[in-house]
**Student:** 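Pasting a structure below so you can have a look.
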2 protein chains.
Amino acid sequence: MTEVAGRIEIYGQCEIVMANTTSLPTLQDVAAAAGVSTATVSRVINFPAQVAPATRAKVEATIAQLGYSPHFGARVMAARRTNTVGAIIPTMENAVFARGLQAFQDELSAHGYTMLVASTGYSAANEAEQVKALVARGADALLLIGHKRDQAIYDFLAAQGIPTIITWAFDPSSGRPSVGFDNAAAMRDMARQVIDMGHRQLALISAETASNDRAMERYLGIQAAMQDKGLPEENLLFIETSYGIEEGAIAFKQAMSASNPPSAVFCGNDVLAVGALRQARDSGIHVPDDVSIIGFDDIELAQVAYPPLTTVHVPHREMGRLAAAALIGWLKDGTPPNTVELLAYPVMRSTLAPKD
Amino acid sequence: MTEVAGRIEIYGQCEIVMANTTSLPTLQDVAAAAGVSTATVSRVINFPAQVAPATRAKVEATIAQLGYSPHFGARVMAARRTNTVGAIIPTMENAVFARGLQAFQDELSAHGYTMLVASTGYSAANEAEQVKALVARGADALLLIGHKRDQAIYDFLAAQGIPTIITWAFDPSSGRPSVGFDNAAAMRDMARQVIDMGHRQLALISAETASNDRAMERYLGIQAAMQDKGLPEENLLFIETSYGIEEGAIAFKQAMSASNPPSAVFCGNDVLAVGALRQARDSGIHVPDDVSIIGFDDIELAQVAYPPLTTVHVPHREMGRLAAAALIGWLKDGTPPNTVELLAYPVMRSTLAPKD
DNA sequence: GAATCGCATGTAAGCGCTTACACTTTCTAC
DNA sequence: GTAGAAAGTGTAAGCGCTTACATGCGATTC
């Protein structure tokens, strides 16, 4: 063994080989190889226009030859920004946030930003942790879903000077920049139509409202519509459940076995609605003849479900894109963007019918 | 103005205020405030056991009071690692990769790593770019989908010393560590059963095979089964299309209008299958009485579709979790993990019936 | 032809943290 | 009691990059 080790030292080449395997080329290596200063190499990378064409070509060739790529950490540290934007969403497991997020990312990428995602599993404590984690990782800005969270989180973000945009909700009174829609109004509009169709006994299968203002708003929207139309509050059966198709199915069964079963079942989101739909089928309950089912979100699932789901359309893509644009502008100008309200509106498909 | 500026200098306090608003507290600030060295503060954060309890308490209090949180870039630079793992997937827009990715992230989080996601939109060029981008951002390791990509990408990754794991595929001959399943074998198993049920005229609505080895393998799997069962190659109508429900619908229409329409239509993934299913319904074609439809992936959509989709179950969660575990081990030990083969198997639901 | 300008490039000072090493103090074992 | 180990802490050298500022030099102006 010692002999071998000794031998290795004899061959000068080996040192080079070892250097290659143990460490990547640095800016300095490139500068040395190209016969220029580190500043020039840095400029070639960041502000190519500032460098004479001949020099630039030489440096670019050297970069390619050495396979150099800038060290992220060093760059972050020297430039004091990461060009990274964080997004914290409740879950990645289904399409509710995926489409919006994809649009968000596309827009960010187009402007040279990278997206960092974290999911909370609908847990507030988890969210607080993820906010800290993303900020610690140098997220220059953050996207959050909904307004409702501990004030401490907002204080932290403000103290760290992290531009933060709220999406999936609209509440101008909050004073926080947001790109979203009015959950209550959208659900209210839908509920009005449902009531106008003659439905009197209603149910809402809702996501948990405790830390989810979107769910709460949707609930309030139905209540508002009922009040408008003179329906007493007790005509709404409110069932709160956690997220998932199965949960929707269970809740639907529960709703239908009530002493006064509803003729229209609202669901806080399409995933729950699809679960309800499946349960109806399994129980031989015909939709929409026996009961109407109404979703919220208009994710792909809604169109593919059978019967195609009547739901509230949410402009996911638009929301993601505009949120990214707002954040990019904020990062550039240093001034918070205006709050943007998008429209979410009922989409009539086949799971809602008049009650005769 | 000069007067004002002069005044500011008079008040010592102002300097402090300005420092507060313009920059976050640093390790050094904490050290100074706590009356210890920067090394001690660093230890409190990274190796608390090494610090005397009294000192630690004091430092922790100071950290809390100042609202200090370590600067990511500086940390990365000094420690030469980011604790970040990148994942590059074709798309985030639907559930195909979402569940696996969620499991991947959960496992990473549990071990103190953060996930960086990038999507390629099924474009090879885009993928090459994203690989570079994630590496440049300091991803310590990478998750990729499928084996097929330019050798240059593998060379780049090797040169940069980035542990990389392949998922959603299994090809021990590649010599690359992977956690996945044998797409060809899974599809072959399914196809055998379909043929055994009496189907002779088949179709495959496939994702584009050019840069997607999973799609290609699935195609080959059907061919293998046909050969086993003595069906001539021309009994398979092969339709290649891009990704999406709509695309599946269009391709299905095309398949059924062939001169020799298939009695069983395989789909390269559930999204295409659900599109086919919808198109069948819209065209008054009854599934599975008139035609059988078979998916692949077993995403949530498959269970919710009507009729529930017969498909090939892919162990998404397990795959994500194990991929993360493999990568974490690799990062720790420095030795590549063994390739893991998971089992993907047919799930019989209601869209496949015997051909009489 | 001297003064001026502006472009291309170089010099070098950090950015905020980790960590090897050194040092001091306290314990342990005989 | 003392040598040696162990534990706690400090010192200071970078990590690889960006960028303010300095420098050099050819082009322009009068």
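Every chain is numbered from 1, with letters handed out A, B, ... down the list of sequences.
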**Student:** Check nucleotides 7-9 of chain D for protein N or O atoms closer than 3.5 Å to its own N or O atoms and list the pairs.
**Tutor:**
residue, atom, partner, partner atom, Å
D:dT9, OP1, B:T55, OG1, 2.2
D:dT9, OP2, B:A52, N, 2.9
D:dT9, OP2, B:T55, OG1, 3.3

**Student:** State, to 0.1 Å, how close A:A326 and A:I165 come at their nearest heavy-atom pair, and which atoms those are.
**Tutor:** CB-CD1, 3.4 Å
**Student:** Once rounded to the nearest 0.5 Å, what's the spacing between atom CE of B:M92 and atom CZ of A:F104?
**Tutor:** 10.5 Å
**Student:** What is the distance, rounded to the nearest whole Å, between atom NZ of A:K58 and atom C1' of C:dT9?
**Tutor:** 11 Å
**Student:** Under 4.0 Å, counting only non-hydrogen atoms across every strand here, what does A:F72 touch: a base, just sugar-phosphate, or nothing?
**Tutor:** nothing
**Student:** What is the distance from CD1 of B:I45 to P of C:dT18, rounded to the nearest Å?
**Tutor:** 6 Å
**Student:** Once you apply a heavy-atom cut-off of 4.0 Å, does B:S42 come out as touching a base, just sugar-phosphate, or nothing?
**Tutor:** base
**Student:** Please find the pair of heavy atoms, one from B:M319 and one from B:G180, that lie closest to each other, and give the distance.
**Tutor:** SD-CA, 3.8 Å
**Student:** Work out which heavy atom in B:T167 is nearest to a heavy atom in B:L143; give both atom names and the distance.
**Tutor:** CG2-CD1, 3.7 Å
**Student:** Among D:dG10, C:dC15, C:dG16, which nucleotide has an atom closest to any side-chain atom of B:A39?
**Tutor:** D:dG10
**Student:** Calculate, to the nearest 0.5 Å, the distance between atoms CG and OG belonging to A:D150 and A:S211 respectively.
**Tutor:** 11.5 Å
**Student:** For A:N46 and D:dA20, give me the distance from atom CG to atom C1', rounded to whole Å.
**Tutor:** 15 Å
**Student:** Expressed as a whole number of angstroms, how long is the span from A:Q28:CD to D:dG14:C1'?
**Tutor:** 12 Å
**Student:** CG of B:L27 versus P of D:dA12: gap in Å, rounded?
**Tutor:** 17 Å
**Student:** Just how far, in rounded Å, is P of D:dG16 from CG of A:L66?
**Tutor:** 14 Å
**Student:** Let's see if you can work this out: which of C:dT18, D:dC17, C:dG16 has an atom nearest to the side-chain heavy atoms of B:R75?
**Tutor:** C:dT18
**Student:** Can you tell me if NZ on A:K132 sees more than 12 non-hydrogen neighbours from other groups inside 6.0 Å?
**Tutor:** no
**Student:** Can you name the nearest heavy-atom pair linking B:V76 to B:T82, along with the distance?
**Tutor:** CG1-CG2, 3.6 Å
**Student:** How long is the line joining CE of A:M77 and P of C:dG16, in whole Å?
**Tutor:** 8 Å
